[in-house]
Amino acid sequence: SYNGALANGGAFALSFIESLKTLSALKLNGVHIKDIGVKDLTDSRYLTNLQTLELSDTGISDRALGFLASGSLKKIETLDLSKNSFSHLGARAIASFPFKPLVLNLDFTEMGDLGVKVITESTMLQDVRTFSLRNTRLTDEGAIGIGNSKNLGKLQTLNLSYNSIG
């Protein structure tokens, strides 16, 4: 597990460290690696065993989600993308992730109803146990979409706090 500060270009440097090939958790919360940093991580041949990836408040956008969808990280079970600026366009990339997380945190993003609809219609959520959508601009429409999803059969915890539901 790595949880530390990275200087500018640090994600790029991490992606080349062969001794990290057994790393199972990478926590970069609050480290502004931005979209290019996510690309560096997903292009790495040494980070393919990651099961936990925490990228909360890292300055990433919809573009970074595309890198996650097409990169080499295929074993992710816990993914935290909270406190970043995503739209419904980024939701399309999330829906095509090559892994099926058990925990997905999208708190404080700007997904909105359309973004959540795209994600909940995806089979990518079939194994998710914890799904957090706190303060994501959801309305009743989004909540109904979650309730109607056929892909949340294993869901145990759903956080919809601080949305405009009801």
Side-chain angles (χ1 to χ4, degrees), residues 11 24-39 41-43 47-166:
S24 64
L26 183 59
K27 300 176 182 184
L28 297 172
N29 301 319
V31 179
H32 287 265
I33 63 170
K34 303 193 178 171
D35 295 344
I36 193 66
V38 172
K39 181 174 184 352
L41 296 175
T42 60
D43 285 348
L47 297 174
T48 57
N49 286 313
L50 283 181
Q51 295 174 326
T52 298
L53 183 59
E54 294 183 7
L55 298 173
S56 177
D57 193 22
T58 50
I60 60 177
S61 69
D62 292 338
R63 186 170 172 231
L65 299 177
F67 297 139
L68 281 169
S70 62
S72 63
L73 306 179
K74 304 200 185 316
K75 297 180 181 179
I76 301 294
E77 294 179 357
T78 299
L79 182 62
D80 184 351
L81 298 170
S82 63
K83 298 181 182 176
N84 287 295
S85 295
F86 304 133
S87 70
H88 65 280
L89 300 174
R92 295 188 200 289
I94 291 173
S96 66
F97 281 170
F99 48 85
K100 294 182 179 179
L102 303 177
V103 176
L104 181 58
N105 184 346
L106 299 174
D107 293 348
F108 297 95
T109 60
E110 298 182 8
M111 286 281 161
D113 293 334
L114 182 56
V116 171
K117 179 178 191 268
V118 169
I119 293 169
T120 57
E121 289 178 351
S122 166
T123 58
M124 184 272 300
L125 286 183
Q126 285 181 332
D127 293 332
V128 78
R129 308 289 196 286
T130 301
F131 192 23
S132 194
L133 295 163
R134 189 167 44 130
N135 199 11
T136 52
R137 296 185 12 215
L138 279 181
T139 66
D140 292 344
E141 180 183 342
I144 291 168
I146 292 168
N148 290 334
S149 175
K150 295 180 172 126
N151 296 309
L152 294 170
K154 296 181 181 178
L155 187 65
Q156 297 171 355
T157 302
L158 177 62
N159 187 348
L160 300 177
S161 303
Y162 301 103
N163 282 294
S164 298
I165 298 170

Only counting residues at least two apart or in another chain, list the ones meeting side-chain hydrogen bond (donor to acceptor under 3.5 Å, both in side chains) with Thr139.
Asp113
Do Leu41 and Leu50 have side chains that get closer than 4.5 Å, going by heavy atoms?
no
Donor-acceptor under 3.5 Å (Ser149 side chain, Thr120 main chain):
yes
What do you reckon, is CD of Glu141 surrounded by more than 12 foreign heavy atoms closer than 6.0 Å?
no
Summary of salt bridge (charged side-chain N to carboxylate O under 4.0 Å, His left out) pairs that have at least one residue in residues 88-112, sequence neighbours excluded
Asp107-Arg134, Glu110-Arg137
Under the salt bridge (charged side-chain N to carboxylate O under 4.0 Å, His left out) test, which residues partner Lys83, sequence neighbours left out?
none
What residues form a side-chain hydrogen bond (donor to acceptor under 3.5 Å, both in side chains) with Ser161, not counting sequence neighbours?
Asn159
Kindly write out the residues that satisfy side-chain hydrogen bond (donor to acceptor under 3.5 Å, both in side chains) with Glu121, not counting sequence neighbours, or none if the list is empty.
Lys117
Within residues 57-78 or reaching into it, pairs that qualify as salt bridge (charged side-chain N to carboxylate O under 4.0 Å, His left out) - sequence neighbours excluded:
none
Quick one: which residue pairs count as a salt bridge (charged side-chain N to carboxylate O under 4.0 Å, His left out) with a foot in residues 153-166, not counting sequence neighbours?
Asp127-Lys154
For Ser56, which residues count as a side-chain hydrogen bond (donor to acceptor under 3.5 Å, both in side chains) partner, sequence neighbours excluded?
Ser82
Residues passing the side chain to side chain contact (heavy atoms under 4.5 Å, CB included) test with Thr157, sequence neighbours excluded, are Thr130
Just to verify, what does Asp43 make a salt bridge (charged side-chain N to carboxylate O under 4.0 Å, His left out) with, not counting sequence neighbours?
Lys39
With sequence neighbours left out, which residue pairs that include part of residues 61-98 fulfil the ring-ring contact (aromatic ring centres under 6.0 Å, His included) condition?
Phe97-Phe99
Would you list the pairs meeting salt bridge (charged side-chain N to carboxylate O under 4.0 Å, His left out) in which at least one residue belongs to residues 143-153, sequence neighbours left out?
none
